[in-house]
2 protein chains.
Amino acid sequence: MNKINRKVEYALIALKHMRAKAPGELTAAKEISTLYGCPFDVMSRVLQALGKRGLVRSEQGAHGGYQISRDLAKVSFYELNEMLLGPVAVAKCLHEEAGEPSCEMRGKCNIVSPVTTLNRKLIEFYRGLSLAELLDPRHASVQSRIPTNIAQAAADAAAVAEQR
Amino acid sequence: MNKINRKVEYALIALKHMRAKAPGELTAAKEISTLYGCPFDVMSRVLQALGKRGLVRSEQGAHGGYQISRDLAKVSFYELNEMLLGPVAVAKCLHEEAGEPSCEMRGKCNIVSPVTTLNRKLIEFYRGLSLAELLDPRHASVQSRIPTNIAQAAADAAAVAEQR
DNA sequence: CTAAATACGACTAAAAAAGACGTATTTAAA
DNA sequence: TTTAAATACGTCTTTTTTAGTCGTATTTAG
């Protein structure tokens, strides 16, 4: 349940693998796929997608491969999702007609779907979660936390902190 | 992407609807399904599932229906997911053989999948999110936040709070 | 020139989610 | 006591999404 998308899973595995390498060292898609037992094609596609979005750098030809090109402490899990699957959820509210792109009533409307609220909170959560934090649990949360620009997130966090 | 399960969506809509009613007042599945334009069968099943798990109370026969039977500020989104979809994710790590239920190496193992970490964090997030908070965004976060018993959550929250 | 790699379009298969159908049971009220 | 309106629930079909495969082009080191 609430299964994580396989592409995202593969991306995390690949990133973790490449992260352990020396700077500048390339990793072939095949190396990862054979090592972790996942299909080459799919892993290959994932890396290509990440390459297009600038998270990894690719080098073609023999002895080619991929390497991480951004600081993973500054890339959120939200971004990774977006790179591989497009913008996160925002399930269409049952109160809206399908196709209506955005409603300026939103925020004031008192029948705003709980679904919308959930999506907002999930996105906040994803945005505040860095890949570095995910890939290395020992990595101190303080450094790798990505601040969101949404006041609510800070308020929520303070609330939790106060409960201790 | 990261689409929310429809059953969960329907449950939130039903709960929000019932929450607005006077205490003791029953709501028929049909009332909700026609009002929000979702299939009766599915809504019905969702309410039945919630009934079995004690989140709502059902009354059979003519003039029967459902009513909320727990304090939604004390029910987490995690619980709701569990009621409708079973235990949350825990996608099988590619390093483990499928079918092996649990590994005592977990926690010490240095090849622990990032996926496992992600799942843990997602569950923490879901556990700390009350239905009351979801159903009514104006509901103060402080009261409806459900404390998790995991130290990490508190540490993370403190870290975010300190960034302000 | 060849081998090993990325790049990418199109297709197929498998799995999960969503919904539909049928029927039994309960209960208030006519 | 019959009827109508509701829950309860097992099974099935359809639809959608996800995952994976195939084929081929391109790049580049040796």
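Letters A, B, ... mirror the listed sequences (proteins, then strands); counts begin at 1.
Within the 4.0 angstrom heavy-atom criterion, no nucleotide atom of any strand lies near Gly51(A).
Comparing Ala62(B) and Ala62(A) by the nucleotide of DNA chain D that holds the closest heavy atom to each, the one mapping nearer the 5' end is Ala62(B). Sequence order on DNA chain D of the closest nucleotides to Leu85(A) and His63(A) puts Leu85(A) first from the 5' end.
Between Tyr10(B) and dG19(C) there is a side-chain polar atom (N or O) within less than 4.0 angstrom of OP1 or OP2. Listed pair Lys3(B) / dT17(D) meets the phosphate criterion, a side-chain N or O lying under 4.0 Å from OP1 or OP2. Here Ser58(B) reaches the OP1 or OP2 of dA8(D): one of its side-chain N or O atoms lies under 4.0 Å away. Contact between the side-chain N/O atoms of Asn5(A) and the OP1/OP2 oxygens of dA19(D) is found at a separation under 4.0 Å.
Between Arg70(B) and Glu79(B) there is a salt bridge, with a side-chain nitrogen of the basic residue lying less than 4.0 Å from a carboxylate oxygen of the acidic one. Looking at Glu82(B) and Arg127(B), no side-chain N of the basic residue comes within less than 4.0 Å of a carboxylate O on the acidic one, giving no salt bridge. Ion pairing between Glu59(A) and Arg57(A) holds under the 4.0 Å rule for side-chain N and carboxylate O. Looking at Glu9(B) and Lys3(B), no side-chain N of the basic residue comes within less than 4.0 Å of a carboxylate O on the acidic one, giving no salt bridge.
One atom, CG of Leu84(A), and another, C1' of dA19(D), lie 14 Å apart when rounded to the nearest Å. Here dA8(D) presents its C1' atom at 14 Å from CG of Leu50(B), a figure rounded to the nearest Å. Rounded to whole Å, atom P of dA25(D) lies 16 Å from atom CD of Gln48(A). To the nearest angstrom, P of dA18(C) lies 13 Å from CE of Met43(B). To the nearest angstrom, P of dT18(D) lies 14 Å from CD1 of Ile4(A). Put simply, CD on Gln60(B) is 5 Å from C1' on dT26(C), counting in whole angstrom units. Between Lys52(A) atom NZ and dA7(C) atom C1' there is a gap of 9 Å when expressed in whole angstrom units. Lys7(A) places its NZ atom 14 Å from the P atom of dC8(C), with the value rounded to the nearest Å.
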Check the interface with nucleotides 21-24 of chain D: list each N/O to N/O pair with the protein under 3.5 Å, or write none.
unit_1	atom_1	unit_2	atom_2	d
dC22(D)	N4	Asp41(A)	OD2	2.8

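Fit an axis to the five pairs at each end of the helix from dC1(C)-dG30(D) to dA30(C)-dT1(D) and the two axes sit 0° apart, to the nearest 10 degrees.
A distance-only check finds a donor-acceptor pair linking the side chain of Asn81(B) to the backbone of Phe77(B) [under 3.5 Å]. A donor-acceptor distance shorter than 3.5 angstrom exists from the side chain of Ser69(B) to the backbone of Gly54(B), with no hydrogens or angles considered. Checking side-chain atoms of Ser33(A) against main-chain N and O of Lys30(A) turns up a donor-acceptor pair under 3.5 Å.
Aromatic ring pairs are classed by plane angle as parallel below 30°, tilted from 30° to 60° and perpendicular above 60°; the pair Tyr36(B) and His17(B) is perpendicular.
To the nearest 0.5 Å, atom CD of residue Glu124(B) and atom CG of residue Leu129(B) are 13.5 Å apart.
Ile32(B) has its side chain out of reach of Phe40(B): every pair of non-hydrogen atoms, C-beta onward, lies at least 4.5 Å apart.
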